[in-house]
Amino acid sequence: MEFADEKIKIGKHEFSSRLLVGTGKYPSFPIMVQALEASGAEVVTVAVRRAKMNTSESLLDYIDTKRYTILPNTAGCYSADEAVRVARLARETGISDMIKLEVLGDEKTLLPDPVDTLKATSILSKEGFTVLVYTSDDPIVAKRLEDAGAACVMPAGSPIGSGQGILNRNNIRIILESAKVPIIVDAGVGTASDVTIAMELGSEGVLLNTAIAHAKDPVKMARAMRLACESGRLAYLSGRIPKRLYAKASSPEKDF
């Protein structure tokens with residue numbers, strides 16, 4: 001059952017769903033379409049390098065652009081200059097003014113390069129892009145990216161595709177405490193409980209891909225992720241009880 005919630009605002013854009021999903025690594029395009037449907041996502045991210053816009057068959061042929069907002073990303077870029085060039089290409093095609101910025105440090109870890117990520121964020125935000133930027137879970141870097149004009153900061157729960165979940169909840173909490181822009185946990189999600197934890201911490205949303213696309217049943221897992229996102233959000237809004245070292249009786253000690 002859905003519940004009334006405020007929309008997530010990213011720059012001038014507003015969305016009801018707080019689950020953002022990727023479009024890579026699916027067994028087939030038809031399964032991807034079914035998974036997107038089951039996820040309830042409104043925003044789907046597409047690697048500009050994979051879109052193959054000039055070929056007879058494109059990934060975008062399978063995505064209903066009247067239903068989904070396309071979030072182009074700079075996946076596979078290893079320098080600020082390269083990421084800026086890809087972002088500009090995406091905008092020239094008319095897909096969106098939004099860009100999910102990824103500037104990776106190396107191929108082994110796929111961790112973000114903080115220096116070039118900051119540089120590219122500054123350039124693209126000044127050019128009018130709505131920049132959603134992938135970064136590490138470093139609170140200082142996250143703040144610097146916000147100061148550089150990021151419309152949304154996306155700290156990694158753990159390395160891309162690792163499925164390890166959120167390794168450092170304290171860092172995510174610190175990032176959330178000082179943020180003035182939406183914080184969306186990105187990368188490292190392995191299963192539905194990882195999404196719930198991110199939302200319970202107070203994240204505005206979660207972006208994931210591999211955990212759905214590589215599941216034995218991507219469509220069922222997409223549905224699980226949707227429910228986990230809603231469950232975590234509800235728990236966050238409800239307010240958890242404080243953790244205690246010792247027990248406290250659930251029943252009243254005296255009769256009413």
Side-chain angles (χ1 to χ4, degrees), residues 2 5-77 83-102 120 124-125 127-134 150-152 154 160 181-182 184-187 189 195 204-215 218-223 225-226 229-230:
E2 295 184 357
D5 191 8
E6 63 184 17
K7 294 185 176 181
I8 180 173
K9 299 178 180 178
I10 303 174
K12 63 184 179 183
H13 304 276
E14 294 186 354
F15 305 101
S16 296
S17 173
R18 294 172 180 273
L19 185 66
L20 293 70
V21 296
T23 54
K25 302 181 180 179
Y26 283 90
S28 68
F29 285 137
I31 290 177
M32 177 196 73
V33 171
Q34 295 177 54
L36 296 184
E37 165 80 22
S39 74
E42 296 175 336
V43 178
V44 297
T45 185
V46 173
V48 176
R49 295 173 182 274
R50 293 180 52 243
K52 298 179 181 179
M53 299 163 194
N54 296 323
T55 62
S56 57
E57 183 182 52
S58 168
L59 167 67
L60 297 178
D61 294 336
Y62 291 86
I63 300 175
D64 183 352
T65 54
K66 294 181 180 178
R67 177 173 180 176
Y68 300 106
T69 296
I70 304 298
L71 173 60
N73 67 60
T74 62
C77 293
V84 168
R85 184 168 60 254
V86 171
R88 289 170 177 164
L89 173 63
R91 187 163 70 174
E92 288 175 3
T93 62
I95 297 176
S96 175
D97 73 305
M98 295 196 299
I99 189 74
K100 185 201 167 192
L101 177 64
E102 292 184 20
L124 294 173
S125 62
E127 292 184 3
F129 282 89
T130 300
V131 184
L132 297 81
V133 55
Y134 167 67
C152 173
M154 310 178 79
I160 292 173
V181 298
I184 293 178
V185 169
D186 178 13
V189 169
V195 173
E204 289 281 353
V206 175
L207 189 151
L208 61 96
N209 185 168
T210 306
I212 294 178
H214 277 191
V219 179
K220 286 182 179 176
M221 183 59 84
R223 173 68 173 165
M225 295 298 187
R226 175 181 183 171
C229 188
E230 293 178 357

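Side-chain atoms are counted along with the backbone in the values below, which use heavy atoms only and exclude waters and symmetry mates.
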(message) Between L207 and K100, is there a side-chain heavy-atom distance shorter than 4.5 Å?
(response) yes
(request) Can you see which heavy atom on A211 is nearest to which on M221, and at what distance? (result) O-CG, 3.4 Å
(request) Find out whether V21 and M225 are in side-chain contact, i.e. whether some heavy atom of one side chain is under 4.5 Å from a heavy atom of the other. (result) no
(request) Taking the side chain as every heavy atom from C-beta outward, state whether T69 and E42 have any atom pair closer than 4.5 Å. (result) no
(message) Checking T210 now: which residues fulfil side-chain hydrogen bond (donor to acceptor under 3.5 Å, both in side chains) with it, not counting sequence neighbours?
(response) K25
(message) Please evaluate residues L208 and L19 with respect to the criterion side-chain contact (heavy atoms from CB on, under 4.5 Å), reporting the C-alpha separation (whole Å), side-chain torsions for both, the decisive distance (0.1 Å), and the verdict.
(response) CA-CA 8 Å; L208 61 96; L19 185 66; 3.8 Å; yes
(request) Decide side-chain contact (heavy atoms from CB on, under 4.5 Å) for L20 and F15; before the verdict, give the C-alpha distance in whole Å, the side-chain angles of both, and the deciding distance to 0.1 Å. (result) CA-CA 10 Å; L20 293 70; F15 305 101; over 6 Å; no
(message) For P27 versus I31, what's the shortest heavy-atom pair and its separation?
(response) CB-CD1, 3.9 Å
(request) Determine whether I70 and S96 make a side-chain contact, defined as any pair of heavy atoms from C-beta on separated by less than 4.5 Å. (result) no
(message) Please report the interatomic distance CG(L71) to SG(C152), rounded to the nearest 0.5 Å.
(response) 9.0 Å
(request) Please name all residues satisfying side-chain hydrogen bond (donor to acceptor under 3.5 Å, both in side chains) with N73, sequence neighbours left out, ordered by chain then number. (result) T45
(request) Quick one: closest heavy-atom pair of Y68 and A41, and the distance? (result) CE2-O, 3.2 Å
(message) Contact between I10 and V43 at the side-chain level, heavy atoms closer than 4.5 Å - yes or no?
(response) no
(request) Using the test salt bridge (charged side-chain N to carboxylate O under 4.0 Å, His left out), find all partners of R88 that sit at least two apart in sequence or belong to another chain. (result) E127
(message) I need the minimum non-hydrogen distance between P72 and V48, along with the two atoms involved.
(response) CB-CG2, 3.7 Å
(message) I want to check something: taking the side chain as every heavy atom from C-beta on, are T65 and I95 in contact at a cut-off of under 4.5 Å?
(response) no
(request) List in chain and number order the residues that pass salt bridge (charged side-chain N to carboxylate O under 4.0 Å, His left out) with E204, two or more places apart in sequence or in another chain; answer none if no residue qualifies. (result) R18
(request) Find the distance between OG1 (T74) and CG (L124) and round it off to the nearest 0.5 Å. (result) 8.5 Å
(request) Please name all residues satisfying salt bridge (charged side-chain N to carboxylate O under 4.0 Å, His left out) with E92, sequence neighbours left out, ordered by chain then number. (result) none
(message) Let me confirm one number: the CG-CZ distance from D97 to F129, rounded to the nearest 0.5 Å.
(response) 8.5 Å
(message) Can you tell me how far apart CG (D186) and CD (E102) are? Round to the nearest 0.5 Å.
(response) 6.5 Å
(request) List the atom of G22, the atom of L36, and the distance in Å for their closest heavy-atom pair. (result) O-CD2, 4.2 Å
(request) Under the side chain to side chain contact (heavy atoms under 4.5 Å, CB included) rule, collect the residues that match up with A222, sequence neighbours excluded. (result) A35, A38, S39, I212
(message) Are the side chains of N209 and Y26 in contact, using a 4.5 Å heavy-atom criterion?
(response) yes
(message) Give me the atom names and distance for the closest heavy-atom approach of V131 to S125.
(response) CG2-N, 3.9 Å
(message) Could you check whether any side-chain heavy atom of I99 comes within less than 4.5 Å of a side-chain heavy atom of R91, counting everything from C-beta outward?
(response) no
(message) Looking at G40, is its backbone amide N or carbonyl O close enough to the side chain of S17 to form a donor-acceptor pair, meaning the two atoms are under 3.5 Å apart?
(response) yes
